[in-house]
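Read the structure below first, then the notes.
Residue numbers start from 1 in every chain, and the chains themselves are labelled A, B, ... in the order their sequence lines are given, proteins ahead of strands. This structure is a prediction, so every number in the text was calculated from the model and none was measured.
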Amino acid sequence: MGVRLFLTTKISTINRILPFTYILKVEYLVIVIFSVVCLIGGLLVYMLFYIYIKSRREKKYDKWRLISDLLIRKAVFYDDDQVQAETNIPVTDRAKKLMNKRHFRKLLTEEIVSAKKNITGISAYNLKNLYQQLLLPNYALKNLKSRYWHIKAKAIQELTVMEMDEYVTELISFTNNQNELVRMEAQTAIVQFNGFEGLSFLDAITYPISDWQQIKLLQQLAHARPVDMGIDGWLKSANNSVVVFALKLARNYQLFELHDDILQCLDHTNPHVRLEAINFFCEIYTEDTSDALISRYLKEDLKHQLAMIKAIQNIGSEKDVPFLVSLLDKDDHEIKISAARALTKIGKNGIALLKRHADDKGYPLDQIAMHVKGGLPA
Amino acid sequence: MKILVVEDNQLILRMLEFRLKKDGHEVIVTHNGREAIEKIEAVQPDLVITDILMPYVSGLEVVAAVKKKYPTGTPVIILSGMGQENVVVEGFQLGADDYITKPFSPNELSARVRRFDLSIVK
């Protein structure tokens with residue numbers, strides 16, 4: 001009672017000294033300070049809890065990494081100098097138990113795949129055995145059914161690196177997947193497993209094959225043994241990128257027998273196809289090839305015209321000299337330079353005609369003639 | 001033989017370390033070129049195995065540093081990826097003694113290292 005009376009007296013004294021609004025402000029201030037302190041306290045508790053969980057997780061991951069390292073090392077150096085086709089790599093009970101944990105499986109798979117990328121020989125063979133022994137392909141196959149494209153692409157890459165060619169049929173359908181990266185991984189996988197025969201996906205593919213992917217596939221095929229691929233069929237594909245890729249294959253493997261089929265590609269509606277066909281004729285030709293190029297010259301744009309002149313430079317003969325000489329009178333300097341260069345390569349008659357023409361016309365042909373004959377720096 | 005191994009891929013580094021130790025070598029590992037260059041003088045290795053593509057300081061700089069420090073001794077083996085022929089040529093120009101292309105066979109690595117083991121050669 002005494003305390004209550006004391007407080008009431010005090011408050012009434014303060015009320016007399018300070019106005020009511022001021023006390024209200026003080027109360028608000030106390031509430032704000034209290035809230036901030038609570039917030040900071042909560043944040044601190046959260047941070048400490050987060051650090052604790054994180055360090056626990058890190059410790060767990062370190063332990064797992066050690067277990068997976070030991071397992072991989074065991075596989076890589078397992079009976080070093082002997083191929084163990086039938087023998088399993090010894091796996092500890094602890095590792096076996098951990099295989100039920102998704103995160104451990106993910107970590108181990110990533111490490112096995114990474115090691116396999118860097119190792120060849122018996123060690124790589126042992127890693128492949130370990131991968132199979134731990135039934136990891138099953139999880140990759142399960143990931144192929146994921147609705148996320150990146151999980152699918154990763155699973156395909158994993159199966160490719162681990163040389164799981166027995167699952168090639170499961171991968172074929174992905175070569176025409178709507179996602180470009182999934183498609184690329186699947187095409188790479190099929191070609192790695194089946195070499196040239198793997199290119200059969202080109203029969204059905206409706207999506208375009210990017211330039212980069214075409215380079216990658218050609219690079220992969222460089223190590224494979226060429227077989228009859230049915231390129232003539234791909235040259236008639238409705239997918240323009242398949243036609244372009246088929247033309248690159250024909251050029252790379254010097255498929256002379258496709259000369260007449262490729263001549264038809266010079267009239268293709270797609271400019272990339274026509275350009276690739278012109279490039280094919282830089283190396284593979286008959287005596288009539290240059291006539292076929294010349295007859296189509298006027299229908300083409302500058303880029304294609306320059307490619308045609310370059311092809312004629314490589315495959316042309318004396319009979320093409322009048323055509324090249326006629327180009328020297330064109331307005332475009334690039335055409336003039338290319339034609340002059342082609343004339344110097346075709347033969348003595350070409351050089352003589354270029355010289356005569358340059359003498360007659362003067363600037364800039366005289367300069368161009370000097371330039372292509374090496375008289376001027378490039 | 002005392003071997004300094006420079007490789008930024010932890011897994012490969014541990015595998016190299018394990019294999020070389022198994023072959024009876026003393027192995028010192030570093031995770032990047034800068035660390036390797038700092039260690040060369042203190043360690044005085046009999047052989048250096050270095051990866052080419054590493055952050056901060058490349059394997060080529062490690063080759064140059066080793067050859068500058070030990071012009072007549074301490075052979076260097078470079079680890080290169082597929083399609084890095086130009087870098088390998090550059091490595092040889094800087095004085096590298098051998099190269100191994102990734103992916104590599106640990107047995108091949110072992111055999112190549114043995115070539116530089118003077119105690120065996122003699």
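Inter-residue side-chain proximity for A/I122 and B/S105 is flagged as unmet; no heavy-atom pair is nearer than 4.5 Å. For the pair B/P103/A/T120, a side-chain contact is recorded, criterion being any heavy-atom separation below 4.5 Å from C-beta on. In this structure, the side chains of A/S114 and B/N9 come closer than 4.5 Å at one or more pairs of heavy atoms.
The two atoms that bring B/K102 and A/N118 nearest to each other are CD-OD1, 3.2 Å, heavy atoms only.
The distance from the OG atom of A/S123 to the CG atom of B/L109 is 10.5 Å, given to the nearest 0.5 Å. If you take CG on A/D69 and CZ on B/F18, they are separated by 11.0 Å, rounding to the nearest 0.5 Å. From B/L11, atom CG reaches atom NZ of A/K117 across 11.5 Å, with rounding to the nearest 0.5 Å. To the nearest 0.5 Å, atoms CZ (A/R73) and CE (B/M15) are separated by 9.5 Å.
A 6.0 Å sphere centred on NZ of A/K101 holds no more than 12 heavy atoms belonging to other residues, nucleotides or ligands. Counted within 6.0 Å of NZ on A/K310, heavy atoms from surrounding residues, nucleotides or ligands total 12 or fewer; the atom is thus considered open. Counting non-hydrogen atoms of other residues, nucleotides and ligands closer than 6.0 Å to CD of B/Q10 gives a total above 12. Atom OH of B/Y99 is surrounded by 12 or fewer heavy atoms from other residues, nucleotides or ligands within 6.0 Å.
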